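Quick caveat: nothing in here was measured; it's all calculated off a predicted structure. Letters A, B, ... are given to chains in the order of the sequence lines, protein chains preceding strands, and every chain is numbered from 1.
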Amino acid sequence: MPELPEVETIVSDLKPVLVGRFFVGLTGTHKNSISGAIDNIATIKGGKVVEVKRRGKFINIFFENDYVMTIHLRMSGRILTRDLNEEQLKFERTRIDFNDVSLRFCDVRKFGKVWISKKSEYEKVTGISKLGLEPLNNELTVEKFIKIMNGKKGTVKKWLLDQSLVAGIGNIYADESCFYAGVRPDARMEKLKRKELEKLFKSVMKALKQGIKNRGTSISDFQDAYGQKGRNQELLFVYGRGGQKCLKCSNTLERAVVAGRGTVFCKKCQK
DNA sequence: CCATCATCCTGCCGGC
DNA sequence: TGCCGGCAGGATGATG
């Protein structure tokens, strides 16, 4: 599923493709995917793209004309760049056309969404306003991380996944971060000592940066804007490896449900 | 205040 | 081989 590194990969692909292009139209074969966009389609026609930016797991395409197109891929969404005359793709829910390129929003599970809203209100409309700190633009320091997480009642995994604290971490990177930190995902956050919180912070950063460096984790069919797979799945220690041997100590990895999500960890390496 | 559950949706996997 | 139940899961909202 697309998390921060996957969305970052897509955004870095889209930027050179879209900036300077003009919006032509948006058509949806699945209404729920574009419910937030329909009213404003006409408003941004002819609008020039000035910037493409990620915030948490959201993609934002900024137009010169004071509007923003926002996309959230949720579970199974993909954005693929195609020629305008290319036929409809499998699971294509929405196509977003620019003067000489077409974005195809493909989404098996139909959870993803597209919005078009005014710059002055897009954060409210899309839910971006509820997001917490960005991990990778120096907004999130170790001190801020400790301040945010320290004393939170509940499992470590639950708080790592909470987008209103730190934006962008999902199931894959939460499990990998916990492994790096030597902390069980079902450990209580309020019981972590300062040293452990520091280690957790470094682990989150390491996991996310490594994910970006390797252009995302293609374990559940993630693809970048050109349909290419990432490489980060080759570097996972725990996610998706329940029942297999720990790569560090050869112990059999545990599988459990934590914070309502499938979770894998090593009982020996993580406390 | 907290956790858990249902919802949305459909491909895929295991069991029989 | 084929059918079917159940699972996966980001985010939100309802329920215990």
Side-chain angles (χ1 to χ4, degrees), chain A residues 1-11 28-36 54-60 70-79 88-94 105-115 122-132 134-135 149-178 184-191 204 207-208 211 216-223 233 236 238-244 253-265:
Chain A
M1 59 247 68
E3 305 178 22
L4 186 152
E6 289 73 32
V7 177
E8 181 70 28
T9 300
I10 291 172
V11 164
T29 50
H30 181 250
K31 287 230 171 73
N32 282 346
S33 303
I34 55 167
S35 58
R54 179 190 60 73
R55 174 79 170 100
K57 301 175 194 170
F58 291 83
I59 299 164
N60 290 303
T70 303
I71 303 169
H72 197 304
L73 302 171
R74 294 284 174 99
M75 301 285 311
S76 57
R78 282 178 187 169
I79 295 285
Q88 187 174 338
L89 303 176
K90 206 176 177 189
F91 308 122
E92 184 180 306
R93 310 300 183 197
T94 304
F105 178 29
C106 302
D107 186 14
V108 170
R109 288 181 183 74
K110 298 181 179 171
F111 292 170
K113 254 192 167 66
V114 181
W115 298 262
Y122 85 98
E123 294 200 340
K124 255 230 155 92
V125 171
T126 58
I128 285 175
S129 61
K130 294 179 190 162
L131 294 180
E134 269 303 312
M149 298 294 177
N150 190 31
K152 283 280 186 295
K153 291 191 177 72
T155 61
V156 169
K157 177 136 176 181
K158 175 201 155 118
W159 293 113
L160 288 180
L161 291 176
D162 191 322
Q163 302 299 302
S164 70
L165 300 186
V166 175
I169 303 169
N171 210 22
I172 298 171
Y173 296 94
D175 277 13
E176 293 298 304
S177 299
C178 285
R184 281 175 60 137
D186 60 349
R188 311 291 299 184
M189 188 69 92
E190 70 267 29
K191 289 197 173 162
V204 167
L208 295 176
T217 303
S218 292
I219 207 159
S220 51
D221 278 339
F222 163 72
Q223 296 182 355
Q233 64 280 6
L236 299 179
V238 286
Y239 181 84
R241 300 194 64 247
Q244 298 179 37
L253 294 172
E254 296 287 322
R255 201 190 139 73
V257 175
V258 181
R261 309 288 153 78
T263 301
V264 180
F265 61 94

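At the phosphate of dA11(C), OP1 or OP2 sits under 4.0 Å from a side-chain N or O atom of His72(A). Using a 4.0 Å cut-off, some side-chain N or O of Tyr239(A) falls inside it from OP1 or OP2 of dG9(C). Of the side-chain N and O atoms in Gln163(A), one or more sit less than 4.0 angstrom from OP1 or OP2 of dA11(C). Lys158(A) has a side-chain polar atom (N or O) that falls below the 4.0 Å cut-off from OP1 or OP2 of dA3(B). Arg93(A) has no side-chain polar atom (N or O) that falls below the 4.0 Å cut-off from OP1 or OP2 of dC8(B). The phosphate of dT7(B) (OP1 or OP2) has no side-chain N or O of Arg74(A) nearer than 4.0 angstrom. The phosphate of dG10(C) (OP1 or OP2) has no side-chain N or O of Lys57(A) nearer than 4.0 angstrom. Considering only side-chain N and O atoms, Arg261(A) lies under 4.0 angstrom from the phosphate OP1 or OP2 of dG10(C).
Comment: Glu190(A) does not engage Lys152(A) in a salt bridge, judged by the lack of any side-chain N to carboxylate O separation of less than 4.0 angstrom.
Across all strands shown, dC5(B) pairs with dG13(C); the Watson-Crick or G-U wobble distances both stay below 3.5 Å.
The CG-C1' distance, from Asp107(A) to dG11(B), rounds to 12 Å in whole Å. Rounded to whole angstrom, the span from the CZ atom of Phe58(A) across to the P atom of dG10(C) amounts to 14 Å. Here dC12(B) presents its P atom at 15 Å from CE of Met1(A), a figure rounded to the nearest Å. In this structure, Glu3(A) atom CD and dG10(C) atom P are separated by 6 Å, rounded to whole Å. Residue Asp162(A) contributes atom CG, which lies 15 Å from atom P of dT4(B) at whole-angstrom precision. Leu73(A) has its CG atom 22 Å from the P atom of dC8(B), to the nearest Å. Residue Ile59(A) contributes atom CD1, which lies 14 Å from atom C1' of dG10(C) at whole-angstrom precision.
Side chain to side chain, Thr217(A) and Tyr173(A) meet the donor-acceptor criterion of an N or O pair below 3.5 Å. Ser33(A) and Lys110(A) share no donor-acceptor pair across their side chains, judged by distance under 3.5 Å alone. Judged purely by distance below 3.5 Å, without hydrogens or angles, the side chains of Asp107(A) and Ser76(A) pair a donor atom with an acceptor atom.
The aromatic rings of Trp115(A) and Phe58(A) sit tilted relative to each other, their planes meeting at an angle between 30° and 60°.
Residue Gly127(A) is out of contact with every strand shown, counting any heavy-atom pair closer than 4.0 Å.
Per the stacking criterion (ring centres < 5.5 Å, plane angle < 30°), Phe111(A) does not stack onto the base of dG9(C).
Closest approach to the Arg188(A) side chain among dA3(B), dC9(B), dG9(C) is made by dA3(B) (side chain taken as heavy atoms from C-beta onward).
Position along DNA chain C of the nearest nucleotide to Gly260(A) versus Thr126(A) favours Gly260(A) as the more 5'-ward residue.
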